[in-house]
Amino acid sequence: MATWRIFIAGSGGQGILLMGKLLAYAAMEEGKEVTFLPSYGAEMRGGTANCGVVISDRPIGSPVVNEAEIVVVMNEPSLKKFEANVLPDKHLFINATLVPDKTERTDIRAYYVNANELAERLGIAKAANMVMLGAVVRATNAVLEENVQKAIEKEFSGKKAKLKDTNLSAFMAWNP
C-alpha cells in the first residue's frame, strides 16, 4: 500500500501518543514520508487523547486523518466516536478488555484485542498500548515489526532503559 492513514484514540494516560510516535519512528526508519499529529484534552490523564499518523511512499498533503485504513480505539467513548472513520474493508482495532461493545459495521475488519488483560498477565499493566501496537503491526504490516522494535529500544533508553524489555515483551504478546 502506498499510504496508511492511522488514527489512534483513547484517554490520557493510556499511551496513545506513544503508539503514534513509535509508528512514525518505524516509518522513518523505512525511509517513508510520515506525519504525526497528536491531540489531547487539557486534563491529560483521564481526558481524551488521540493522534493521527500518515505513512506514505509519496509526499503527504495533510497530517489530518479523518478517514483511515487503521483505527485503534482503547476505550468505549472512542469506539462510539471514531468507528465511522474506518474506510470500508479496512481495519478497526478494539481494546476488548475495556470495550465490551462490538462494532456494528460489517464492511470492515475488526480485531478484538484484550490489550489490558494481556499486559496484566505479563505483569506490566501499563503496557496495554504496546500490546495493541504489536497487534496493529502484525495484522496490517503497515510498518516492519523490527523497525518498531528499534523504535521501542530508542524510546526506552537512558533513564527509561529499565522499561525496554517489558515494553518489548508487551509488543510481542498478541498474535493473530
Side-chain angles (χ1 to χ4, degrees), residues 1-11 14-27 29-30 32-39 48-58 60 62-122 127-149 151-152 170-176:
M1 171 168 281
T3 301
W4 286 98
R5 289 165 295 184
I6 304 164
F7 189 80
I8 305 167
S11 60
Q14 286 187 299
I16 303 302
L17 305 185
L18 178 59
M19 290 171 66
K21 190 164 100 170
L22 292 171
L23 284 168
Y25 285 160
E29 185 75 28
E30 295 173 22
K32 305 280 186 182
E33 300 288 324
V34 64
T35 62
F36 167 67
L37 186 60
S39 173
T48 60
N50 63 65
C51 66
V53 179
V54 181
I55 300 168
S56 186
D57 296 330
R58 302 182 300 261
I60 298 167
S62 171
V64 177
V65 176
N66 292 320
E67 295 182 316
E69 284 77 22
I70 300 169
V71 172
V72 178
V73 294
M74 293 294 285
N75 63 9
E76 195 162 1
S78 296
L79 175 64
K80 292 179 183 343
K81 189 170 183 180
F82 299 113
E83 77 177 304
N85 296 32
V86 184
L87 290 165
D89 199 39
K90 298 305 176 190
H91 312 273
L92 173 62
F93 291 84
I94 298 170
N95 181 2
T97 306
L98 300 181
V99 182
D101 295 341
K102 304 283 188 218
T103 182
E104 294 181 12
R105 293 187 55 187
T106 58
D107 65 331
I108 60 174
R109 296 178 217 162
Y111 303 84
Y112 299 93
V113 179
N114 289 309
N116 288 73
E117 184 181 314
L118 285 169
E120 286 171 18
R121 258 193 248 149
L122 290 169
N129 60 332
M130 293 294 118
V131 173
M132 186 62 85
L133 181 60
V136 169
V137 170
R138 277 188 283 295
T140 66
N141 297 311
V143 292
L144 297 174
E145 194 172 310
E146 56 265 25
N147 289 329
V148 178
Q149 289 174 332
I152 291 170
F171 175 71
M172 299 304 295
W174 184 86
N175 290 299

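Here the structure is a predicted model, which means the values were calculated and not measured.
K32 has its side chain within reach of D57: a pair of non-hydrogen atoms, C-beta onward, lies under 4.5 Å apart. Side-chain contact check for V65 versus V71: every heavy-atom pair is 4.5 Å or farther apart. Residues M132 and I8 form no side-chain contact, since every pair of their non-hydrogen atoms from C-beta on lies 4.5 Å or further apart. The shortest distance between side-chain heavy atoms of L23 and V137 falls below 4.5 Å.
With rounding to the nearest 0.5 angstrom, the CD1 atom of I152 is 11.0 Å from the CG atom of N147.
The two residues V136 and T140 come nearest to each other via the heavy atoms O-OG1, 2.7 Å. Residues S62 and V54 approach most closely at O-CG2, 4.1 Å, considering heavy atoms. M74 and Q14 make their closest contact through O-NE2, 3.2 Å (heavy atoms, listed as atom of the first residue, atom of the second, distance). Nearest approach of P38 to L17, heavy atoms of both residues: CB-CD2, 3.6 Å. Closest non-hydrogen pair, A135 versus V113, comes out as CB-CG2, 3.8 Å.
The aromatic rings of Y111 and F93 sit parallel to each other, their planes meeting at less than 30°, with 60° as the upper class boundary.
Open room surrounds OH on Y25; 12 or fewer heavy atoms of other groups in view lie less than 6.0 Å from it.
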### Query
For E146 and Q149, what are the C-alpha separation, side-chain angles and deciding distance, and is it a side chain to side chain contact (heavy atoms under 4.5 Å, CB included)?
CA-CA 5 Å; E146 56 265 25; Q149 289 174 332; 4.2 Å; yes
### Query
L18 and L22: side chain to side chain contact (heavy atoms under 4.5 Å, CB included), yes or no, with the steps?
CA-CA 6 Å; L18 178 59; L22 292 171; 3.9 Å; yes
### Task
List the steps and the verdict of side chain to side chain contact (heavy atoms under 4.5 Å, CB included) for I6 and E69.
CA-CA 6 Å; I6 304 164; E69 284 77 22; over 6 Å; no
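Using a cut-off of 4.0 Å between Lys/Arg side-chain N and Asp/Glu carboxylate O, R138 and E145 are scored as salt-bridged.
Scored by the ring pair (Phe, Tyr, Trp, His ring centres under 6.0 Å) test, F171 finds no partners at all (sequence neighbours excluded).
Sequence neighbours left out, the pairs with a member in residues 94-106 that pass side chain to side chain donor-acceptor pair (under 3.5 Å) are K80-D101, E83-T103, N95-N116, R105-D107.
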